[in-house]
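Shown next, in structure tokens, is the structure this report addresses.
Being a predicted model, the structure only gives us computed values, none of them experimental.
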Amino acid sequence: MSLPPTGPPAEGRMRVRAPRTIPQLAHETTVLDEVAEQSAVGEVMVRSLIRSQLRLAVVVAAGFLAALFLCWALMAWLPSFSQWRILGVPAPWLLLGVGIHPLIAVCAWLYVRAAAKNENRYRDLVAEE
């Protein structure tokens with residue numbers, strides 16, 4: 001479709017016009033298209049991923065805090081524990097200083113593993129056509 005010229009071009013310039021309507025091609029909409037276009041379906045998918053990641057973070061944090069609470073409960077309910085010494089170092093210090101770090105590492109490992117699994121499930125869902 002060509003447009004009639006509007007007059008002679010000024011100093012080597014040419015006016016270019018776009019067609020008034022863009023032809024719409026019928027095609028199937030995939031989940032990936034929905035996410036990319038930020039449509040309502042795409043927003044629901046992304047919100048679902050964010051909710052699952054938040055739920056995972058809350059569960060891991062609650063588990064870690066429960067373990068810390070058990071350490072505190074051990075010291076509160078067993079007063080003689082604070083008198084124990086291992087290689088001259090008080091047992092509560094060893095428990096909090098050395099014993100908590102493997103717990104932190106395990107919580108972090110579990111979180112990363114589960115978060116990757118959530119993201120892979122999301123990626124598989126988006127990739128489906």
>> In the structure I gave you, are the side-chain heavy atoms of L96 and M75 within less than 4.5 Å of one another anywhere?
In response: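 Yes, their side chains come closer than 4.5 Å.
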
> Under 4.5 Å between any side-chain heavy atoms of L74 and L95, yes or no?
Replying inline: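 With C-beta onward as the side chain, the pair touches.
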
Minimum heavy-atom separation for [X] and [Y], please, with both atom names.
X    : Y    : answer
L103 : A67  : CD2-CB, 3.3 Å
V60  : C107 : CG1-O, 3.8 Å
C71  : I100 : SG-CD1, 3.9 Å
A76  : P79  : O-CD, 4.2 Å

> Does F81 belong to the same Ile/Leu/Val/Met/Phe/Trp/Tyr cluster as L94, with side-chain heavy atoms less than 4.5 Å apart forming each link?
Replying inline: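 F81 does not cluster with L94.
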
>> Under 4.5 Å between side-chain heavy atoms, counting indirect links through other Ile/Leu/Val/Met/Phe/Trp/Tyr residues: same cluster for W84 and L87 or not?
In response: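 Not linked; separate clusters.
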
>> With a 3.5 Å distance limit and no angle check, can you tell me whether W72 reaches the backbone of L68 through a side-chain donor-acceptor pair?
In response: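 Flag not set: sc W72 to bb L68 has no pair under 3.5 Å.
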
So, taking the atom named [atom1] in [X] and the one named [atom2] in [Y], what distance separates them when rounded to the nearest 0.5 Å?
X    : Y    : atom1 : atom2 : answer
L49  : R123 : CG    : CZ    : 9.5 Å
Y122 : I50  : OH    : CD1   : 8.5 Å
I104 : F64  : CD1   : CZ    : 4.5 Å
R121 : S48  : CZ    : OG    : 10.0 Å

